[in-house]
Amino acid sequence: MLTADVLARPAPEVAPLLLGAVLRNGPVAVRLTEVEAYAGRDDPASHAFRGPTPRNGVMFGPPGQLYLYFSYGMHWAANVVCGPDGTAGGCLLRAARVVEGVELAHERRHGVAERDLARGPGRLTQALGLRPEDRGTDLLAGGDLRLEAGSGEPFEVATGPRVGVSQAADVPWRFWVAGSRYVSAYKRSPRAP
DNA sequence: CACTAGATGCTCT
DNA sequence: GAGCATCTAGTGA
């Protein structure tokens, strides 16, 4: 089960546990297939590495909150805050399969293939209809926007380096469902050494 | 299919 | 003003 106690563990421990879990926002629900861990103050690739700012403040708060950030001019991406209250950490939700509300997700994602509805961080937030003001939502509080346990179907977890980061580019803190087609493509940052 | 280039605007220095 | 935890459309095989 994904309790606050579990999410209070370090992000690299929590990340594989999020695979297979369901994130719901009202009528649309997705099953997570790919996640990356960001370990806060000790992780040069993390937004929290240089300390708290207005943007990343929720990462320093209690676990289980939603952290949203804006990236590359056009996209929002979602994290689940991990680690104990007062310690920064989070898991970036990189990809998922839409399991409920497929029609609404298609409307939001205008004419793309079913496989691409939530394959990628920006696509995932768009398919779910997450908005900037959802930052800080407690995903364990049982609201319209919440984290649910998965169906328990067994699967293997694969690991590898994180996508698009220029710092700590070889740390294997990306986790995905082995063999799943609902996983984004790996792309190394052009700025990485 | 693989690979590349350019758009785009928030966030912090 | 520089730097991005990206996406899409375009090209070429």
Side-chain angles (χ1 to χ4, degrees), chain A residues 7 10-16 18-19 23 30 32-61 63 65-83 87-98 105-136 139 158-176 179 181-193:
Chain A
L7 296 183
E13 282 184 40
V14 176
L18 288 173
L19 294 176
L23 183 63
V30 304
L32 300 175
T33 56
E34 182 184 1
V35 160
E36 284 175 0
Y38 288 86
R41 296 305 294 261
D42 302 322
D43 180 2
S46 168
H47 288 161
F49 180 60
R50 295 173 199 278
T53 68
R55 172 175 71 158
N56 66 23
V58 305
M59 288 187 85
F60 289 81
Q65 294 187 104
L66 184 68
Y67 167 52
L68 285 170
Y69 71 92
F70 189 84
S71 182
Y72 288 98
M74 316 171 82
H75 310 288
W76 291 86
N79 289 241
V80 175
V81 173
C82 302
T87 301
C91 293
L92 169 66
L93 310 180
R94 280 205 57 86
R97 178 164 70 89
V98 178
H106 263 113
E107 282 178 31
R108 289 172 174 154
R109 297 258 319 121
H110 209 77
V112 303
E114 185 267 347
R115 181 191 179 209
D116 291 332
L117 282 176
R119 194 177 56 134
R123 296 163 169 182
L124 189 153
T125 54
Q126 200 183 346
L128 274 174
L130 300 181
R131 295 161 318 168
E133 52 268 35
D134 294 322
R135 179 187 295 179
L139 298 173
T159 66
R162 293 172 290 184
V163 173
V165 298
S166 57
Q167 306 293 316
D170 297 309
V171 178
W173 280 353
R174 175 173 175 245
F175 303 83
W176 67 94
R181 291 163 51 252
Y182 297 87
V183 167
S184 63
Y186 175 67
K187 189 172 182 183
R188 190 181 178 86
S189 168
R191 296 171 295 280

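Order of the sequence lines sets the chain letters (A, B, ...), proteins ahead of strands, with each chain counted from 1. Fair warning: this is a prediction, and the values are worked out from it, not measured in the lab.
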Which pair of non-hydrogen atoms, one from [X] and one from [Y], has the smallest distance, and what is that distance?
X: A:A168; Y: A:P44; answer: CB-CD, 4.3 Å
X: A:A169; Y: A:P161; answer: O-CB, 3.4 Å
X: A:P193; Y: A:S166; answer: CD-O, 3.7 Å
X: A:M59; Y: A:G90; answer: CE-N, 3.7 Å
X: A:A15; Y: A:F175; answer: CB-CD1, 3.5 Å

Interface with DNA chain B, restricted to residues 108-131 of chain A and to heavy atoms under 4.0 Å
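Heavy-atom cutoff 4.0 Å gives no residues at all.
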
What parts of residues 32-47 of chain A reach DNA chain B, counting only heavy atoms under 4.0 Å away?
none

List in chain and number order the residues that pass ring pair (Phe, Tyr, Trp, His ring centres under 6.0 Å) with A:W173, two or more places apart in sequence or in another chain; answer none if no residue qualifies.
none

Nucleotide N/O of nucleotides 7-9 of chain B paired with protein N/O under 3.5 Å:
| residue | atom | partner | partner atom | Å |
| --- | --- | --- | --- | --- |
| B:dT8 | O2 | A:Y72 | O | 2.9 |
| B:dG9 | O4' | A:G73 | O | 3.3 |

Contact class for A:R55 vs. all strands (heavy atom < 4.0 Å): base, sugar-phosphate, or nothing?
sugar-phosphate

Counting Watson-Crick and G-U wobble pairs whose two distances are both under 3.5 Å, find the runs of 3 or more in a row that involve DNA chain C.
B:1-7 with C:6-12, B:9-12 with C:1-4

Within this structure, what is the OG1-CG distance for the pair A:T33 and A:L18, rounded to the nearest 0.5 Å?
12.0 Å

From CA spacing to verdict: side-chain contact (heavy atoms from CB on, under 4.5 Å), A:V165, A:Y38
CA-CA 11 Å; A:V165 298; A:Y38 288 86; 3.4 Å; yes

Show every side-chain hydrogen bond (donor to acceptor under 3.5 Å, both in side chains) that has at least one partner inside residues 181-193 of chain A, sequence neighbours left out.
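Every pair satisfying side-chain hydrogen bond (donor to acceptor under 3.5 Å, both in side chains) with a residue in residues 181-193 of chain A: A:E34-A:S184, A:R94-A:S184, A:E114-A:Y182, A:D170-A:R188.
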
Looking at side-chain heavy atoms only, is the closest gap between A:L93 and A:V80 below 4.5 Å?
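Side-chain contact under 4.5 Å: yes.
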
Counting distance only, does the side-chain N/O of A:N56 pair as donor-acceptor with the main-chain N or O of A:T53 below 3.5 Å?
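Answer holds: yes.
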
For the side chain of A:R109 and the backbone of A:A105, is there at least one donor-acceptor N/O pair under 3.5 Å apart?
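Side chain of A:R109 to backbone of A:A105: no pair is present.
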
Could you give the start and end, 5' to 3', of the contact zone on DNA chain C for chain A, using atoms under 4.0 Å from its heavy atoms?
C:dC4 to C:dT8

A:P172: which residues meet the side-chain contact (heavy atoms from CB on, under 4.5 Å) condition with it, sequence neighbours left out?
none

Listed by chain and number, what are the side-chain contact (heavy atoms from CB on, under 4.5 Å) partners of A:A96, not counting sequence neighbours?
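With sequence neighbours excluded, A:A96 shows a side-chain contact (heavy atoms from CB on, under 4.5 Å) to A:V30, A:L32, A:A118, A:L124, given in chain and number order.
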
Residue pairs meeting salt bridge (Lys or Arg N to Asp or Glu O under 4.0 Å), one or both in residues 37-52 of chain A, sequence neighbours left out, come to A:D43-A:R162

May I have the step-by-step check of side-chain contact (heavy atoms from CB on, under 4.5 Å) for A:H75 and A:T125, ending in yes or no?
CA-CA 8 Å; A:H75 310 288; A:T125 54; over 6 Å; no

Please list, by residue number, the residues of residues 181-193 of chain A whose heavy atoms come closer than 4.0 Å to an atom of DNA chain C; answer none if no residue qualifies.
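Within residues 181-193 of chain A, the residues near DNA chain C are A:K187, A:R191.
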
Sequence neighbours left out, cut at 3.5 Å: what donor-acceptor pairs do the side chains of residues 65-74 of chain A make with other protein atoms?
| residue | atom | partner | partner atom | Å |
| --- | --- | --- | --- | --- |
| A:Q65 | NE2 | A:P62 | O | 3.4 |
| A:Y67 | OH | A:H47 | ND1 | 3.0 |

